[in-house]
Amino acid sequence: MAGTTIPIDKIADTISEMLTDYADMASDEMKKAVKDAGNTVKKAIGEGAPVKTGKYAKSWSVKNTKENAHALEVTVYSRNRYQLAHLLEHGHAKRNGGRTRAIPHIAPAEQQGIEQLEREITRRLQNG
């Protein structure tokens, strides 16, 4: 658009078109950033998860839960082992008394994903 002469009666239409193009680009970039952050969280949980057989760490997955033209929501979840996730993250009472130690691996991964998402959205919109 730089160097282009626009008739005065077309300025509103031109601005509207440019804003629509920017909004579409921003939506696409934010969706990519959300997907990347979801994958980072999944990977971080797998790396930080306790390893007995390795099945729990491998059970984590990412899926799109909501998507429309301008937004994307992803969920990171443990397939078949969701009950275990809470018990490991927070610890639990033992059958004969006492408690197991908590092994925080989900909350740190979530925080890492949030920080990555903020950085990526800022970077993508500035470089847009």
Side-chain angles (χ1 to χ4, degrees):
M1 270 287 147
T4 304
T5 304
I6 303 168
I8 194 79
D9 59 332
K10 300 288 184 188
I11 288 178
D13 291 339
T14 303
I15 291 172
S16 177
E17 182 180 317
M18 291 174 77
L19 288 173
T20 300
D21 290 346
Y22 180 77
D24 291 342
M25 182 278 305
S27 289
D28 291 344
E29 291 300 319
M30 284 193 277
K31 285 181 181 183
K32 290 175 190 173
V34 168
K35 285 180 183 179
D36 290 347
N39 289 325
T40 295
V41 170
K42 174 189 171 230
K43 183 179 175 189
I45 289 174
E47 290 171 355
V51 179
K52 191 171 186 180
T53 64
K55 288 181 183 179
Y56 174 74
K58 292 176 187 172
S59 74
W60 290 88
S61 192
V62 180
K63 71 176 179 179
N64 294 356
T65 23
K66 290 183 188 176
E67 185 172 7
N68 61 37
H70 302 292
L72 173 65
E73 180 180 299
V74 298
T75 300
V76 179
Y77 66 102
S78 177
R79 300 178 315 272
N80 307 329
R81 301 196 178 273
Y82 59 91
Q83 303 95 333
L84 186 57
H86 179 82
L87 297 174
L88 290 171
E89 182 79 2
H90 300 288
H92 58 88
K94 291 181 176 180
R95 199 176 294 180
N96 297 324
R99 290 193 61 81
T100 62
R101 72 176 177 87
I103 306 170
H105 57 288
I106 299 170
E110 178 186 21
Q111 186 59 39
Q112 183 180 350
I114 290 168
E115 291 168 3
Q116 176 185 335
L117 183 59
E118 290 172 351
R119 279 191 316 271
E120 281 297 305
I121 288 175
T122 301
R123 184 185 65 78
R124 290 172 189 250
L125 292 180
Q126 286 175 346
N127 297 336

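With contacts defined as side-chain heavy-atom distances shorter than 4.5 Å, the pair K94/T100 qualifies. When side chains are defined from C-beta on, S78 does not count as touching L84, because their heavy atoms never get closer than 4.5 Å. In this structure, Y77 and I45 have side chains that are not in contact, with every pair of non-hydrogen atoms separated by 4.5 Å or more.
Shown here is H92, whose NE2 atom has more than 12 heavy atoms of other residues, nucleotides or ligands within 6.0 Å. Heavy-atom contacts from other residues, nucleotides or ligands closer than 6.0 Å to CD of Q116 number more than 12. Enclosure of atom NZ in K31 by more than 12 non-hydrogen atoms of other residues, nucleotides or ligands within 6.0 angstrom is indicated.
Residues V34 and L125 fall within the same hydrophobic cluster, defined by Ile, Leu, Val, Met, Phe, Trp and Tyr side chains chained together at heavy-atom separations under 4.5 Å.
Atom NZ in K35 sits 14.5 Å away from atom CD in E120 (nearest 0.5 Å). Between the NZ atom in K63 and the CZ atom in R79 there is a gap of 11.5 Å [rounded to 0.5 Å]. Rounding to the nearest 0.5 angstrom, the gap separating the CD1 atom in I15 from the OG1 atom in T20 is 11.5 Å. Taking CD1 from I114 and OG1 from T40, the interatomic distance works out to 12.5 Å, rounded to the nearest 0.5 Å. Interatomic distance, CG of D13 versus CD1 of I6, reported as 10.5 Å (0.5 Å rounding). Note: L72 CG to M30 CE = 11.0 Å, rounded to the nearest 0.5 Å.
Closest heavy-atom contact between G113 and A37: O-CB, 3.7 Å. In plain terms, the two heavy atoms of Y56 and H105 that are nearest each other are OH-NE2, 2.7 Å. For the residue pair P7 and T5, the shortest heavy atom distance occurs at CD-O, 4.0 Å. Here the closest non-hydrogen pair linking G38 and V76 is O-CG2, 3.6 Å. For H90 against R99, the heavy-atom pair with the smallest separation is O-NH2, 3.8 Å.
V74 pairs in a side-chain contact (heavy atoms from CB on, under 4.5 Å) with only one of the listed residues (N39, N64, V41), which is N64.
Put simply, the side chain of E89 gets close to the backbone of A107: a donor and an acceptor are under 3.5 Å apart. Using a distance-only test at 3.5 Å, with no hydrogens or angles considered, no donor-acceptor pair links the side chain of S16 to the main chain of A12.
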Between R123 and R119, is a side-chain contact (heavy atoms from CB on, under 4.5 Å) present by the stated rule, with each step listed?
CA-CA 6 Å; R123 184 185 65 78; R119 279 191 316 271; over 6 Å; no

